[in-house]
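Accompanying notes for the structure given below.
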There are 2 protein chains.
Amino acid sequence: MNIYDVSKKAGVSIATVSRVLNGNHNVSEKTRSKVISAMKELDYTPNIFARGLGLNTMKTIGIMCTDSSDTYLANAVYYVEQKLRSFGYDALLCCTGNDYINKKKYMSLLLSKRVDGIILIGSQFVNNSPGSDNSYIVDASSEIPIILVNGYLAGDNIYCVMCNDHDAVYNAASDMIKAGHRDFVYLYTSTSFSGMNKLRGFKDAMDEAGIHIDKDRFHLCTKSISKSNDYLSFIYEKNVPFDAILTSDDSLAVGAVKFAYKHGIKVPDELEIVGYNNSVLANCTEPELSSIDSKVEQLSSNAVDLLMEVLGGGSVSNINTVTADLIKRQTTKF
Amino acid sequence: MNIYDVSKKAGVSIATVSRVLNGNHNVSEKTRSKVISAMKELDYTPNIFARGLGLNTMKTIGIMCTDSSDTYLANAVYYVEQKLRSFGYDALLCCTGNDYINKKKYMSLLLSKRVDGIILIGSQFVNNSPGSDNSYIVDASSEIPIILVNGYLAGDNIYCVMCNDHDAVYNAASDMIKAGHRDFVYLYTSTSFSGMNKLRGFKDAMDEAGIHIDKDRFHLCTKSISKSNDYLSFIYEKNVPFDAILTSDDSLAVGAVKFAYKHGIKVPDELEIVGYNNSVLANCTEPELSSIDSKVEQLSSNAVDLLMEVLGGGSVSNINTVTADLIKRQTTKF
DNA sequence: TTGTATGCGTTATCAT
DNA sequence: ATGATAACGCATACAA
């Protein structure tokens, strides 16, 4: 069942059928309807492979994320897919995990599938420590546009959509200082661009208030409720005093709530806690978590808008920033 | 950069290049290496569209789910993608939402993209009430194999992978009865096949113990922490006594924990709670949730195995069942 | 407005 | 073991 069958049935040439198929206006109403009814009768479906071969595109975008089962990433993937679809694009999903080798492998896989662009979701794809090798991204960008959601890498055909993580943490910390706190702990899960920005936001707020932070007080920690709980218990038993906790992820903040519960510490009266990402987890604890909303939906939406603009030949700024909000619930009282 | 360029450079015919490309054995070692180095020199990448056109397949599987940001579905999507990839298949992701119209639309979209098979993740795709219209699935199955994860629909080219939800709830409820409970509440979110099986499991356990359950005691509820909390508060204030809660989803169980906290009810001493899906949420509450593990990973893995078997021409049973486990944490003491 | 002819880059069949 | 050539099904430049 192909364009030839339809043309024969309708008594026209294949060119005309193709025109009808593509909504070309140079077709008389009469022949158009003839063709359409022929297509219906034959239950014709265009062969997308043949079209792809000619046009050299399948209107497909590659999505890479380290782990689509992660709450935050899952949301981003969802929003990106929805938005892509609204532009008529398909989403080819790749969960790469965190190995450099695999990231690289999946990148070239997507390239070999001739996707029209690639969206890298999450801050885990680029390594921003000096001298690091991000060539797999730069190389790919020479062929198709690359969008980084929550990552930063300079490059001609590389576009970054990110949240102002630094300011978000800085503002939350500053508010807590204003509320009278001096004894902070900051827990974070990643040294990615985004992760370091959050940490810097924390440190900047401390510096500005003249609060010294020794290294017990900021801790790189696996993204896990129990690891966070464990670490806090550890320094608590070492008699490090603290009455304010900021985290780079809600799971760590949940761990903090559980730590407080275990030790009979009253939240928020004796200890205030702020999470990050404003995920479902924030609604699960008692008291419920105050959390920084990093605006996944807007981030995702902007990422797709940007990509579409680029694919349409528009010229776009390489950096797009979204502003985070602190959602106050019950683990804070400022 | 195509097969002709390579053939010219290597001084052979395109047929030979194609043979090398596909690992055909009828090529001498000498010419093979000539061709390979030509490919390397030209940095040749095969055009997948052309191959797709000839072979009429792109080794791609469509994944449909109502909402990939849902914790449970996100996990399933993740495992399915990983497993598909291990077989060399790509995953085209479609988040359909819950409208019949959209499900139908996305189904034909995937068909028009000529995917090799479709995996429907979640119980929301087939309506099992008598006289319901599931023709969009049946129709699709006449073209390509359809796999239902957690759904049931009879059909020639339709394969169902599911969890024995009935027994899981039945067993948990029976254990609670044995532990001395008589006053149960069951909260559920869906009347899908899976949802009804869970409900029946609950009712069967009650029937068997001669416990009468009036309609206050099983309640269809939006999948939301607060709705669950609200409903429990409502019947509590109506003086419906209960000391055991079973739910079809962890979020509802979290709501139950919050309800208990609000009313000063001790869990598990005065109230035992069991969730479903054993998701991250189960680790967030205090006390932590006992929850039925519905084995998403195994379900997902089996789904892909089944599909691969079918695509390979094997003959497979249309139904594949996985056994759930109750993971006991702190909201139960039996 | 419509038709003809060609190219897109493979794989596969048939010779040799 | 290798080569020539025909599909595969569409889009489109050019002709009419």
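Below, read A as the first sequence line, B as the second, and so on, with proteins coming before strands; counting in each chain starts at 1.
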_Please confirm whether the shortest side-chain N or O distance from B:Asn22 to OP1 or OP2 of C:dT11 is below 4.0 Å._
yes

*asked:* Classify B:Thr45 by what it touches in the nucleic acid, base, sugar-phosphate, or nothing, heavy-atom distance under 4.0 Å.
replied: sugar-phosphate

*asked:* Strictly distance-based, threshold 3.5 Å: is any side-chain N or O of A:Asp116 a donor or acceptor partner for the main-chain N or O of A:Lys59?
replied: yes

*For A:Ile48, which contact category applies under a 4.0 Å heavy-atom criterion: base, sugar-phosphate, or nothing?*
nothing

*Looking at B:Leu111, B:Leu307, B:Ile137, which hits side chain to side chain contact (heavy atoms under 4.5 Å, CB included) with B:Ile118?*
B:Leu111

*For the residue pair A:Met39 and A:Leu21, establish whether any side-chain heavy-atom pair is separated by less than 4.5 Å.*
yes

_Nearest heavy atom decides the nucleotide; on that basis, is A:Ile14 or B:Tyr4 closer to the 5' end of DNA chain D?_
B:Tyr4

*Would you please confirm or rule out a distance under 4.0 Å between OP1 or OP2 of C:dT2 and any side-chain N or O of A:Ser28?*
yes

*For the pair made of NZ in A:Lys34 and C1' in C:dT1, what is the distance, rounded to whole Å?*
12 Å

*Look at all strands and tell whether B:Ile3 reaches a base, only sugar-phosphate, or nothing, counting heavy atoms closer than 4.0 Å.*
base

*Roughly, in whole Å, what's the span from CE in A:Met58 to P in D:dC10?*
13 Å

*Remember a base hit wins even if backbone is also touched, and classify B:Ser18 as base, sugar-phosphate or nothing at under 4.0 Å, heavy atoms.*
base

_Using whole Å, what does the distance between atom C1' of nucleotide C:dT11 and atom CG of B:Asn24 come to?_
11 Å

*For the side chain of A:Leu55, starting at C-beta, report the closest nucleotide among C:dA12, D:dT12, C:dG9.*
D:dT12

*asked:* With a 4.0 Å cutoff (strictly under), does any side-chain N or O of B:Thr31 reach OP1 or OP2 of D:dT2?
replied: yes

*asked:* Taking the ring centre of each residue, are A:Tyr136 and A:Tyr100 less than 6.0 Å apart?
replied: yes

*asked:* Taking only side-chain N and O atoms of A:Asn2, does any of them lie within less than 4.0 angstrom of OP1 or OP2 on D:dG9?
replied: yes

_I want to check one thing: is the phosphate of D:dA1, taken as OP1 and OP2, less than 4.0 Å away from some side-chain N or O of B:Asn26?_
yes

*By nearest nucleotide on DNA chain D, pick out whichever of B:Arg114 and B:Glu29 is the more 5' one.*
B:Glu29

*Among the candidates C:dT2, D:dA11, C:dT11, find the nucleotide nearest to the side-chain atoms of B:Arg51.*
C:dT11

*Taking the side chain of B:Ser13 as heavy atoms from C-beta outward, which of D:dA4, C:dG3, C:dT11 is closest to it?*
D:dA4

*Please give, in whole Å, the distance from C:dG9 C1' to B:Asp5 CG?*
11 Å

*Are the charged groups of B:Lys104 and B:Asp99 less than 4.0 angstrom apart, N to O?*
no

*Which whole-number value in Å describes the distance from A:Met39 CE to D:dG9 P?*
17 Å

_In whole Å, I'd like the distance from the CZ atom of B:Arg19 to the C1' atom of C:dT13._
10 Å

*Within the structure shown, what part of the strands sits under 4.0 Å from A:Val12 by heavy-atom distance: base, sugar-phosphate, or nothing?*
sugar-phosphate

*Nearest to side-chain heavy atoms of B:Pro46, which nucleotide of C:dT11, C:dT10, D:dG9*: C:dT10

